Amino acid sequence: MSRDGGPSAPTVRELLFGVPMLAGELPGFDPDAAPAAPFPLFLAWLTQALDAGVREPHAMTLATVDADGCPDLRVVALRDATEAGWTFATQADSPKARQLAGQPQAAVLFHWREQARQIRVRGPVVRADAETTARDFLDRLPGSRAASLVGHQSEVLTDPSALPRAFEAALARVEAEPRTVDPLHALFTLTPRSVEFWQGVPGRGHIRLRYRAHRPDGPWLRERLWP
Ligand SMILES: Cc1cc2nc3c(=O)[nH]c(=O)nc-3n(C[C@H](O)[C@H](O)[C@H](O)COP(=O)(O)O)c2cc1C
């Protein structure tokens with residue numbers, strides 16, 4: 001009962017009691033048939049996620065470390081991935097970019113809940129050259145280019161009415177000067193040193209396979225992990 005005598009709000013624990021996790025029909029994973037390197041397996045899982053209608057499979061959580069050694073994380077979009085690494089874009093003056101300049105190591109995480117799958121990638125991060133970065137920027141839809149040109153990412157927004165005005169101005173600029181490249185657009189690639197594939201198996205042991213290498217081009221060590 002609450003202080004005023006009415007029914008009390010449920011606690012978080014009560015709200016979560018019985019909420020299913022790792023539910024539904026899940027894909028299989030045979031780690032013994034996994035390829036020798038992680039990228040082909042990532043590609044296979046991404047293709048399966050797209051085919052299965054997983055929402056936003058390209059949304060990945062990016063973890064960085066600040067100057068005090070405190071971890072920070074946020075979702076970013078995967079722009080591309082190859083054997084060389086996982087690529088994402090952001091603003092060069094954003095907290096995450098500054099954290100990467102100070103400590104060029106990161107981790108990214110994909111969680112595809114419809115398939116009870118997660119993929120963890122860890123390793124050093126390198127920033128792309130100006131030409132590659134400009135190409136990535138110009139590849140974007142006008143709205144996304146305008147959002148980037150607005151800038152000030154993660155700065156305090158003291159006057160919220162300034163945001164739509166800034167966006168309209170940026171969009172007008174993109175339309176008037178379609179070759180404009182945001183000088184603060186930054187592209188980073190996380191070079192894999194460790195990639196773990198996790199497949200949930202309710203009621204039995206979850207399947208984990210980790211690839212480890214001292215170099216991104218291998219040779220890769222494949223290890224099964226206890227769940
Ligand atoms: C689905 C989704 C995709 C996002 N994609 C990006 C992205 O590609 N680049 C980016 O800078 N921020 C992206 N964001 C916003 C970031 O999560 C974050 O709010 C912003 O980059 C500021 O982060 P920072 O203060 O750590 O630098 C995305 C957010 C979501 C929820």
Side-chain angles (χ1 to χ4, degrees), residues 42-43 45-50 52-82 84-160 162-164 166-167 169-171 173-174 180-192 195:
F42 176 78
L43 197 55
W45 276 32
L46 178 64
T47 306
Q48 290 166 19
L50 288 163
V54 168
R55 284 186 59 184
E56 301 184 352
H58 49 341
M60 59 185 193
T61 302
L62 165 73
T64 51
V65 178
D66 74 12
D68 299 323
C70 184
D72 203 356
L73 43 117
R74 77 294 286 159
V75 174
V76 294
L78 177 68
R79 296 288 294 158
D80 198 4
T82 66
W86 277 250
T87 299
F88 56 92
T90 192
Q91 295 272 298
D93 61 348
S94 67
K96 73 179 88 48
R98 279 187 267 116
Q99 289 163 6
L100 286 170
Q103 174 56 272
Q105 306 267 353
V108 294
L109 173 79
F110 296 88
H111 176 208
W112 296 332
R113 57 180 60 74
E114 297 90 333
Q115 300 179 304
R117 283 180 164 174
Q118 69 173 342
I119 302 172
R120 300 161 69 172
V121 188
R122 305 174 71 204
V125 172
V126 286
R127 192 168 163 184
D129 59 45
E131 194 188 326
T132 312
T133 306
R135 219 178 310 122
D136 177 77
F137 186 80
L138 294 172
D139 243 13
R140 295 170 163 246
L141 295 171
S144 154
R145 274 180 276 155
S148 179
L149 282 163
V150 165
H152 304 289
Q153 192 170 58
S154 299
E155 289 175 18
V156 174
L157 177 63
T158 39
D159 172 14
L163 176 56
F167 183 79
L171 196 58
R173 186 170 167 209
V174 166
T180 295
V181 174
D182 179 3
L184 288 176
H185 187 62
L187 203 58
F188 293 95
T189 297
L190 190 164
T191 311
V195 186

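Model, not experiment: these values are computed from the prediction. Note: hydrogens, waters and symmetry copies are ignored here, and every other heavy atom, side chains too, is used. Counting convention: from 1, in listed order, for ligands and their atoms alike.
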Student: Where is the nearest protein heavy atom to atom 27 (O) of ligand 1: which residue, which atom, and how far?
Tutor: Lys96 NZ, 2.8 Å
Student: For atom 7 (C) of ligand 1, which of the options Ala59, Ala147, Ala77, Ser154 provides the nearest non-hydrogen atom?
Tutor: Ala77
Student: Protein heavy atoms near atom 19 (O) of ligand 1, is at least one of them under 4.0 angstrom away?
Tutor: no
Student: Could you tell me the separation between the CG atom of Asp182 and the OG atom of Ser144, rounded to the nearest 0.5 Å?
Tutor: 10.5 Å
Student: If I take atom CD from residue Glu155 and atom OG from residue Ser94, how far apart are they, to the nearest 0.5 angstrom?
Tutor: 10.5 Å
Student: Please write down residue, atom name and distance for the protein heavy atom closest to atom 11 (O) of ligand 1.
Tutor: Thr90 OG1, 2.7 Å
Student: Would you compute the distance between atom NE2 of His58 and atom CE of Met60 and round it to the nearest 0.5 angstrom?
Tutor: 11.0 Å
Student: Pro57 and side chain to side chain contact (heavy atoms under 4.5 Å, CB included): which partner among Thr47, Leu50, Leu78?
Tutor: Leu50
Student: Using a 3.5 Å cut-off on N or O atoms only, is Gln91 in polar contact with ligand 1?
Tutor: no
Student: Heavy atom under 4.0 Å from ligand 1: found in Glu56's side chain, backbone, both, or neither?
Tutor: side chain
Student: Asp72 to ligand 1: N or O pair under 3.5 Å?
Tutor: no
Student: Report the member of Thr64, Val75, Thr61 with the shortest heavy-atom distance to atom 15 (C) of ligand 1.
Tutor: Val75
Student: State whether the side chain of Asp66 and the backbone N or O of Asp68 hold a donor-acceptor pair below 3.5 Å, judged by distance alone.
Tutor: yes
Student: Before we go on, tell me: are the rings of Trp86 and Phe42 under 6.0 Å apart, centre to centre?
Tutor: yes
Student: Would you check, one step at a time, whether the test salt bridge (charged side-chain N to carboxylate O under 4.0 Å, His left out) holds for Asp136 with Arg140?
Tutor: CA-CA 7 Å; Asp136 177 77; Arg140 295 170 163 246; 3.6 Å; yes
Student: Give the residue and atom name of whichever protein heavy atom lies nearest to atom 26 (O) of ligand 1, and the separation in Å to one decimal.
Tutor: Arg74 NE, 2.7 Å
Student: I want to know if ligand 1 touches Gln153 in the polar sense, i.e. an N/O pair below 3.5 angstrom.
Tutor: yes
Student: Yes or no on side-chain contact (heavy atoms from CB on, under 4.5 Å) for Arg145 and His185, after CA distance, side-chain angles and deciding distance?
Tutor: CA-CA 9 Å; Arg145 274 180 276 155; His185 187 62; over 6 Å; no
Student: What protein heavy atom is closest to atom 6 (C) of ligand 1, reported as residue, atom name and distance in Å?
Tutor: Val76 CA, 3.5 Å
Student: With heavy atoms under 4.0 Å as the rule, classify the contact between Ala89 and ligand 1 as side chain, backbone, both or neither.
Tutor: backbone
